[in-house]
Amino acid sequence: MIFGSLTFLIGEAGRNIRRNGLMSLAALGTVTIALTVLGGTLWTTFRMSEFARSQPEKFNRIDVFLPPKAERSKAQDLLEELHKKPEVKEVTLVTREEAWKMMEENQPVLTSALDENPLMDKLEVELKEASQVSQFAQSLRDKDEYPNIDKVLDAGEEVRNLINLSRVIRVIGGGLAVGLFIATLFIIHNTIRLTVFARKKEILIMQMVGATPWFIRLPLLLEGLFHGLMGGVIAGGLMLFAGHLVSQFVTSVHSPLSGEVPSPFLEYSEAIMPFAVS
Amino acid sequence: MIFGSLTFLIGEAGRNIRRNGLMSLAALGTVTIALTVLGGTLWTTFRMSEFARSQPEKFNRIDVFLPPKAERSKAQDLLEELHKKPEVKEVTLVTREEAWKMMEENQPVLTSALDENPLMDKLEVELKEASQVSQFAQSLRDKDEYPNIDKVLDAGEEVRNLINLSRVIRVIGGGLAVGLFIATLFIIHNTIRLTVFARKKEILIMQMVGATPWFIRLPLLLEGLFHGLMGGVIAGGLMLFAGHLVSQFVTSVHSPLSGEVPSPFLEYSEAIMPFAVS
Amino acid sequence: MIDLKGVGVTYSNGWRALSNVQLKIDKGEFVFVVGTTGAGKSTLLKLLSREETATEGTVKVSGQDLSSLPLHDLPAYRRKIGIVFQDFGLLPNKTVYENVAFALQVTGASRQTIRRQVPYVLDLVAMSHRPDAFPNQLSGGEQQRVAIARALVNEPFLLLADEPTGNLDPETSLGIMQLLNHINLRGTTVIIATHDQAVVDFLQRRVIAFDQGGLVRDEVVGNYRATEAQEETA
Amino acid sequence: MIDLKGVGVTYSNGWRALSNVQLKIDKGEFVFVVGTTGAGKSTLLKLLSREETATEGTVKVSGQDLSSLPLHDLPAYRRKIGIVFQDFGLLPNKTVYENVAFALQVTGASRQTIRRQVPYVLDLVAMSHRPDAFPNQLSGGEQQRVAIARALVNEPFLLLADEPTGNLDPETSLGIMQLLNHINLRGTTVIIATHDQAVVDFLQRRVIAFDQGGLVRDEVVGNYRATEAQEETA
Ligand SMILES: Nc1ncnc2c1ncn2[C@@H]1O[C@H](COP(=O)(O)OP(=O)(O)OP(=O)(O)O)[C@@H](O)[C@H]1O
Ligand SMILES: Nc1ncnc2c1ncn2[C@@H]1O[C@H](COP(=O)(O)OP(=O)(O)OP(=O)(O)O)[C@@H](O)[C@H]1O
Ligand SMILES: [Mg+2]
Ligand SMILES: [Mg+2]
């Protein structure tokens, strides 16, 4: 009996949707749009915060500087020594000449302010675990054990900066998402309310015929649910499409910068970051 | 007669709003929320692009470097000479020691890689017109006239970068705004449609009594307009409030960076930019 | 004034509500339309108010073929006729006064006209005591009388009334019918679909009868039921 | 079974629709409620269906005081009574069949019950030929008959009918009234508000008359109009 009622009530929702074609369409449209906007924002925020949070993992590196004008062979020896350490994943030598060239490219203002190359040879040490960075860097600072090491820099500062950035993005983006979430709930709620208003008289008749509140409400809820789900699916499709467009646009504008990471946001953020130095 | 009809139709809109209290409220709520989201996005995009566009104006400056280890008096003489030029608004001397201190603060990675201060004394020349920068910089490069000048740097590169940033922001933000604008139109349109559906029978009766389409439509339009205007006003209030909150939040997180420019976005962007060097 | 030639109406679901109706009604006539339920009375009135259009034949009112009436002339046409709907058709968000006034507002009538006419017609149907009530605050009979008042208020040249006394007691019914009769005597053409035998028999005016979509009887002075003589010829 | 003591109804706008009504109706009775329009007939029926509540006095049905009936028991109560509304009250988005079936669906009836009962009652009111029509595709009289079918379908112990033949021709009216009479003879209590003098006079059942909110006449076997003797005593 209850099962019979349930199938009837589900059928009711279906009939309502079909027989109120245009009204259903209007409600569906509103829900779709609202969900698309919400989803788009959530996704962007997620990607941004994801990106910022993933960055520290790249900072499992330590820069080890050799004394100025040190011979190249010493750098080579040190490289091999460090390579044997169990904590170390990889070591790369960046010679002072290479470093200067990169600096000339990235910071022309600065290099033109220098009349000769003041840089030192550098070993980029990549550890297996980002958590070991501080401790390992400290051990390298022992002058007795490593006489050929002039300065050791771990990524402490950058990590803190990036975590800070991630925090800003998450709080602002999160606030935005919460605001939009409330807005979306509100809009969907209002939309359902409007479709209910349009049936005020019908609901009164049903009550007079002895329908329980749930008997009246369930088809309306199912209808709303259907609009919500359909809206969500269409919204998802729209977002994928929009994401694709944005990705294409960003790639076309900044192709040299967007090689590695395929997500639109990453490309966007990478495109901006080099300019941010001022 | 037509005037009488008009006042009647305006009155109709008012009566409709009063007598459909809850329905009006639902419609008003939806329109308000939609407009708030749209307005917030438009405003943020506007501020961002505004900021990016306003930056080049700050680049009416030329950096003039003296030869390495040049005497301080020569810098002083040059400063006075340049100050007399009609194009010049102001000249400031940045000594190599000051520059080093700033660099130590901003780029610790770099300064620790240097074993001594390789920088030169610098004159920051501010011109009256940003458009004169290139030409004036060129004139300073004349070795015969200015033997004490080693290098001249105008802001060409930075300007281009910032214009590029502004373009990215405007295109993406503009795309977002256009999307949201369409979404808002769509939602408002649907909301009006739903309120019309709720009155399908009334509209039929009006037609049968001989009301012209405009006689039926105008009060509905006015009602929509009222919802739109009221929604807009409330949305404006909400945005001001939200902007205030964001501004407060950003200030609390990054107080040292947010002294100068009071707008939330500026503070936000400034808070991020230092981290963007990686 | 009204001229139907070979009129048939088939609704979109294929239901044939009228077929081959030939009918002439002169200006100033008073006509009762009778017939069992579903015979096509309301459909006939809907043809004359252009709520429906004939699927066969032509419907002419004042020489104008209604099926070729342009859409933008429809409101003007409807303002000149008065319609009492079988289900009243009052605007639920308007008071009694506003409902009646609305039929004048659409014609662009002046405030003075409205202030003069509305109380006058409400008085005619004995509803002047509750101008501020909303339709859902009225009894069925009261709503029906407001609907009649609205149809009368802009002094139409043609009055179409569909079952105008279905919710009224016999005394009030007769009163309303006599009111319509009176309005007819002042020149308005009146066409009334009704089941009220007593009234039809009392007033002794023209009667046309429908059965299953066909016009089966047309008497210049008639009763609700056919006389035996006619039943034999039918 | 039905017991009204000192009942008065004052609507929220201050209008006094019923005052000091004393009324007892036994199980299985058949009662006509008559009176001029606005006398309070519909209000009486609305009290019994708990669409309105008495502002004075008590309304008891089967010993249950309706004004103290908890809200969540209301649907169950209404399922046991059948109501024919003055304005039909059909669901516009449902077909004839679905409208009638709906009154069974709310009781949780099985599919078999529905498939058996719905065609049966549609046949009783002579509407079985158009089960798939929507209300706006029906004539007034046809809608009225569907409304009656819906009220009958779950075999209520109490049937409230407000003007059930207002849109029907005399023959169909008499047929419907005889149907209701027949249902009454099988045990259902039937209360009908009506203006149909012919039917009331023909059936000779109990008649209660209202005037301006007051019960002015109550005859075990009565006519639409009071006999002269009663008019003298009143
Ligand atoms: N929109 C419609 N679609 C389909 N059929 C319709 C429509 N309107 C009316 N009908 C059918 O046409 C026939 C004639 O309807 P009409 O309303 O003219 O009858 P009527 O003579 O006014 O009856 P009543 O006395 O009951 O009001 C009926 O059988 C009805 O069901
Ligand atoms: N919701 C309401 N608010 C205010 N007044 C109402 C309301 N409903 C009914 N009335 C008034 O109460 C009185 C009795 O109404 P009721 O509907 O009971 O009359 P009735 O006897 O059924 O008349 P009819 O024969 O015309 O249907 C009428 O004057 C009506 O205007
Ligand atoms: Mg009809
Ligand atoms: Mg009534």
Side-chain angles (χ1 to χ4, degrees), chain C residues 11-15 17 34-43 46 85-88 90 95 125-127 129-130 132-145 162-173 175-176 193-198 200-201 209-211 213 224-225, chain D residues 11-15 17 34-43 46 85-88 90 95 125-127 129-130 132-145 162-173 175-176 193-198 200-201 209-211 213 224-225:
Chain C
Y11 282 110
S12 54
N13 63 349
W15 192 266
V34 301
T36 56
T37 105
K41 305 180 293 297
S42 297
T43 305
K46 283 177 185 167
F85 300 95
Q86 193 164 5
D87 61 354
F88 318 150
L90 298 178
T95 64
V125 298
M127 277 305 296
H129 58 305
R130 299 195 66 189
D132 296 327
F134 286 93
N136 67 356
Q137 298 177 331
L138 295 178
S139 81
E142 288 163 348
Q143 290 181 50
Q144 197 154 43
R145 285 181 281 156
D162 198 350
E163 214 90 55
T165 60
N167 286 276
L168 297 176
D169 56 277
E171 285 75 25
T172 314
S173 291
I176 290 289
T194 187
H195 292 305
D196 199 329
Q197 180 167 8
V200 176
D201 292 351
F210 282 84
D211 190 30
Y224 185 82
R225 279 168 215 290
Chain D
Y11 281 110
S12 54
N13 65 348
W15 192 268
V34 302
T36 55
T37 106
K41 304 180 293 298
S42 297
T43 304
K46 283 178 185 165
F85 301 95
Q86 193 162 8
D87 61 352
F88 318 149
L90 298 178
T95 64
V125 299
M127 277 304 296
H129 58 305
R130 299 195 66 189
D132 296 327
F134 287 93
N136 66 359
Q137 297 177 331
L138 295 179
S139 81
E142 287 162 348
Q143 290 182 49
Q144 197 153 43
R145 284 180 281 156
D162 199 350
E163 214 91 56
T165 60
N167 287 275
L168 298 175
D169 56 276
E171 284 75 26
T172 314
S173 292
I176 290 288
T194 187
H195 292 305
D196 198 328
Q197 180 168 8
V200 175
D201 292 349
F210 283 84
D211 190 30
Y224 185 84
R225 279 168 215 291

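Here the structure is a predicted model, which means the values were calculated and not measured. Just so you know, these numbers use all the heavy atoms, side chains as well, and skip hydrogens, waters and symmetry mates. Convention: sequence-line order gives letters A, B, ...; per-chain numbering from 1.
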Minimum heavy-atom separation for D:H195 to C:N167, with atom names?
NE2-O, 3.2 Å
Contact winner vs chain D - C:L168, C:T194, C:T165, heavy-atom pairs under 4.5 Å:
C:L168
Given D:D169 and C:Y224, is the side-chain contact (heavy atoms from CB on, under 4.5 Å) satisfied, shown in steps?
CA-CA 10 Å; D:D169 56 276; C:Y224 185 82; 3.5 Å; yes
Can you tell which of C:T43, C:T37, C:D162 makes a side-chain contact (heavy atoms from CB on, under 4.5 Å) with D:S139?
C:T37
Select, from C:R145, C:R130, C:Q86, C:E163, the one with the greatest count of heavy-atom pairs under 4.5 Å involving chain D.
C:R130
If you tally heavy-atom pairs under 4.5 Å between each of C:G35, C:S12, C:G38 and chain D, the highest tally belongs to C:G38
Contacting moiety of C:Q143, where chain D heavy atoms sit under 4.5 Å
neither
Can you name the closest pair of heavy atoms from C:P170 and D:Q197 and give their distance?
CG-OE1, 4.0 Å
Portion of C:S42 that has a non-hydrogen atom of chain D nearer than 4.5 angstrom
neither
So which of C:E171, C:K41, C:E142 has the largest heavy-atom pair count under 4.5 angstrom toward chain D?
C:E171
